[in-house]
Amino acid sequence: MILQHVVESQQFTVPMLVELFNLADGMERIVNRGGTGDYSNRILASLFYEHSTRTRFSFESAMLRLGGKILATEDANQFSSSTHGETLEDTVRVVANFSDIIVIRHNEVGGASRAAAVSSVPVINAGDGKGGEHPTQALLDLYTIHREIKTIDGVKIAMVGNLADGRTVRSLAYLLGKFERVKLYFIAPKALRMKQDITEYLQQYNVWFTEEEDLKKIVNEVDVVYMTRLEPDQRVGVEPRHFYIDEFIMKYLPHKSIVMHPLPRSNEISPSVDKDPRAAYFRQTRNGILVRMALLASMLDR
Amino acid sequence: MILQHVVESQQFTVPMLVELFNLADGMERIVNRGGTGDYSNRILASLFYEHSTRTRFSFESAMLRLGGKILATEDANQFSSSTHGETLEDTVRVVANFSDIIVIRHNEVGGASRAAAVSSVPVINAGDGKGGEHPTQALLDLYTIHREIKTIDGVKIAMVGNLADGRTVRSLAYLLGKFERVKLYFIAPKALRMKQDITEYLQQYNVWFTEEEDLKKIVNEVDVVYMTRLEPDQRVGVEPRHFYIDEFIMKYLPHKSIVMHPLPRSNEISPSVDKDPRAAYFRQTRNGILVRMALLASMLDR
Amino acid sequence: MILQHVVESQQFTVPMLVELFNLADGMERIVNRGGTGDYSNRILASLFYEHSTRTRFSFESAMLRLGGKILATEDANQFSSSTHGETLEDTVRVVANFSDIIVIRHNEVGGASRAAAVSSVPVINAGDGKGGEHPTQALLDLYTIHREIKTIDGVKIAMVGNLADGRTVRSLAYLLGKFERVKLYFIAPKALRMKQDITEYLQQYNVWFTEEEDLKKIVNEVDVVYMTRLEPDQRVGVEPRHFYIDEFIMKYLPHKSIVMHPLPRSNEISPSVDKDPRAAYFRQTRNGILVRMALLASMLDR
């Protein structure tokens, strides 16, 4: 797999995903055994222009689990403070001289691709801007399906909540569309339905999907329920229990199915669900380490 | 010694303390030799909801001295920012998937115990809330007495300053009460005397203590003078030199006795005392590394 | 070379610089091979009272490249917060117990030398105060000349821009004055000329220098063009193109000459210059790693 930079989820083909997920499966052994020695002198630089401790910790943990090292800043804005006004491009050129791979979280759409254009070391996009990309989140979601359901082809998945703005569900729907016989159930309030660019893309590639307004109607049919946050103001005029999961709805979910959530969650999952073995949302976090280890390793090996 | 989590100093029995301090004594050799290799792939996550660089550095240094690795945030509040509102419990569940042990500093009393209740990896309380616990500070204080005076049984200690609110002196008095023939001299302004919960506990267990209002009166009798901060507003209507130590008072302190302070200090110790070999307050800092190494090692070995 | 602390560039004699630069040349091999193992249990503490991610990353990367470890804070002010009011001296005494070497960035002139006075481990000044020292920047500038021009004796260098306040050009002029047959061309607006303390020092030691107001006049004569920032308010009443370099001026610069800049840059270098192999300003960053590795290694070996 040749990956110079990871900027957007569209870069990934099905064969690349398969290879990446196989690599990620093998990473479990490295976590347990403790590092490989192969990356013990490689440095990952975390260049975060916005706070996102969850994402930063996940990448840094993946690098440490590989046996590598870390340079971190929670406040990369200092590079381009009003006093100095350094361009993102110059900052990246400098940091590329300090490290072997850069993970960047930028506050503007396109930030990661600008960084990749000038960097002498690989760049991974860890989120750029509100409407931008966050490709490794989509990868870990897809990897969780691969790992828990054992197949992506043929998977039936309900996506629930704010589908209009949800970066994760949009990217995941896009990637799932590349697999065979996938069925997508979009469960959203009318104002927050999956947007036309994605539904047209799915139609174009003959991917089966349907739109509903109540999870309960279809929960017994799916392999995966992918919950997302509904912010308080998005619940106005909405029947929130249609986009909510608790122990009663779990009764209808098949035994081998799972519940996912990109986290942080708000009130859309009852805490009573947490102990159900089908609640996969914290395992998802752990899968993120494995898939990021696989990504880092293959980019550093390049 | 079986320690799943360290939440409060009350967890520790005398045999556990003896075992921990023996382990800490052996850590000096590991610091000099440089790591053991045994922890080279273990990750400590510093989850600090309040700034406390001193405490964070001490734990992180201990982990690095053991040969381990670190994930750090100085601003864990980002996890539960107003936008996202993630619960402490969810954050801890996530971070437990990134690390092998969590050191938490929380802004609310009970924060560490809530974290321990849901964490899949060991949790150490590095301070929770203004009136809360900070058990490793008490451990390093007690370890300093063990190391410098060679015994805790029979020790005579003056605690000086704000005893009413001082978390460190309260915990230390509590732990000392578990040892034999200890004598406690509480030297505080009237308004800042040791509180009744502690004095009643000492009476119940027949621990000798007395209360005075001037250090000078008893300085020639004690093995340890444990100084604490008096804030400027706490000096109003008080004779500050009664709770102060300088080279003149040091003349009355026995040769083998020591002066301790949890740091940071304010004006209660004259800088002229710093070069006196009995000034143990910076050595206390170094002892904190040893005792935290012992704690981390025994919790990771569990 | 015996270096206990590095506080100011005046500490360095020519033989020390030669030894340091030879050591730095050898560090390239360690970067490529990946660490030496000799420093694998040594801890560098970054104690930054001001944000300077660029400088902090450079020191931390150097320490990681050597195979060592890091304790970092981007906000050392927390140690001496208004609540606690700890002195810098006490903070340094404490941090010296957590680490093997301290890199300090302080907001007041003299901060680093106060730290060095009380520290039990080596201290490196990474900038203290607006008018203070930043000796390792001068070292990496000089090392870049050594590395790119192959000699410092006899070098002809134009220093361009704000020479009155520029810490880097002042220190570099000072250090260059210690070498043989050096020629300095100061190119600054009238109000920002090199100050008298430096020019008098150069006269005293018979170092050749001249002052001009337009880079173009002498660009064909020099080995090095050292550009510095002109802030917007410093361009008022000035002909900015006299202190500016672009592809047209590059035509007059000899083939084996180089362009340097301490970065961050503002508008004084056209982006069209970046791809010219004579543009050495990003290589300068990389040289900073090598020279800091050499410095750390020789101070830790002491």
Side-chain angles (χ1 to χ4, degrees), chain A residues 35-49 51 53 56 60 63-64 66-105 114-115 117-121 300-301, chain C residues 30-37 39-40 44 46 48 50-75 105 130 140 229 231-233 261-267 269 271 274-275 279 281-290 292-293:
Chain A
T36 65
D38 296 346
Y39 306 98
S40 66
N41 293 288
R42 310 305 289 277
I43 300 175
L44 175 150
S46 294
L47 201 57
F48 275 60
Y49 286 83
H51 276 274
T53 312
R56 184 172 65 82
E60 293 182 359
M63 187 63 177
L64 294 178
L66 277 178
K69 298 182 172 179
I70 286 165
L71 283 182
T73 182
E74 303 191 75
D75 186 14
N77 282 305
Q78 182 274 332
F79 276 113
S80 46
S81 65
S82 56
T83 346
H84 297 110
E86 180 167 78
T87 62
L88 172 61
E89 282 80 359
D90 271 12
T91 300
V92 169
R93 287 181 184 112
V94 166
V95 174
N97 275 318
F98 296 161
S99 61
D100 300 302
I101 192 163
I102 296 174
V103 175
I104 188 170
R105 172 81 158 219
R114 285 168 55 201
V118 299
S119 175
S120 59
V121 301
L300 287 167
D301 289 347
Chain C
I30 290 175
V31 169
N32 294 335
R33 200 177 68 195
T36 65
Y39 306 98
S40 66
L44 175 150
S46 295
F48 275 59
E50 287 183 336
H51 276 275
S52 177
T53 312
R54 181 187 316 271
T55 301
R56 184 172 66 82
F57 268 24
S58 176
F59 274 106
E60 294 182 0
S61 178
M63 188 64 177
L64 295 178
R65 292 293 189 203
L66 275 179
K69 297 182 172 179
I70 286 165
L71 285 181
T73 181
E74 304 191 75
D75 186 14
R105 172 82 158 218
K130 212 175 152 48
L140 82 85
R229 297 168 64 83
E231 304 296 342
D233 61 319
H261 192 295
L263 301 180
R265 60 177 160 174
S266 177
N267 298 316
I269 301 177
D274 292 1
K275 288 187 178 162
Y281 30 93
F282 293 114
R283 293 197 297 273
Q284 227 172 317
T285 299
R286 188 174 164 78
N287 293 337
I289 302 287
L290 300 176
R292 283 172 178 134
M293 286 175 76

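In what follows, chains carry the letters A, B, and so on, assigned in the order in which the sequence lines appear, proteins first and then strands, with residues in each chain numbered from 1. Small disclaimer: the values here were computed from a predicted structure and weren't measured.
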Review point. What residues, two or more places apart in sequence or in another chain, satisfy side-chain contact (heavy atoms from CB on, under 4.5 Å) together with N32(C)?
Key: E28(C), R286(C)

Check your understanding: For S120(A), is it the side chain, the backbone, both, or neither that has a heavy atom closer than 4.5 Å to a heavy atom of chain C?
Key -> neither

Exercise for review: Nearest 0.5 Å please: distance from the OG1 atom of T91(A) over to the CZ atom of R54(C).
Suggested key: 6.0 Å

Exercise for review: Quick one: pull up CG in N41(A) and CD1 in I30(C) and give me the separation to the nearest 0.5 Å.
Suggested key: 10.5 Å

Review point. Once you round to the nearest 0.5 Å, how far does CZ of F98(A) lie from CG of L64(C)?
Key: 12.0 Å

Review point. What distance do I269(C) atom CD1 and D90(A) atom CG have between them, rounded to the nearest 0.5 Å?
Key: 8.5 Å

Study note, to complete from the structure: Minimal heavy-atom distance between N97(A) and F282(C), with the atoms involved, is ND2-O, 2.9 Å

Revision key, fill the gap. Taken in chain and number order and not counting sequence neighbours, the residues that satisfy salt bridge (charged side-chain N to carboxylate O under 4.0 Å, His left out) with R42(A) are D100(A)

**Study point:** Exercise: identify the closest heavy-atom pair between F57(C) and S46(A)
**Key:** CZ-O, 4.2 Å

Exercise for review: Would you please name every residue forming a salt bridge (charged side-chain N to carboxylate O under 4.0 Å, His left out) with R56(A), sequence neighbours left out?
Suggested key: E60(A), E74(A)

Exercise for review: With a 4.5 Å heavy-atom cut-off (strictly below), which parts of residues 65-73 of chain C touch chain A? List them by number.
Suggested key: R65(C), G67(C), G68(C)

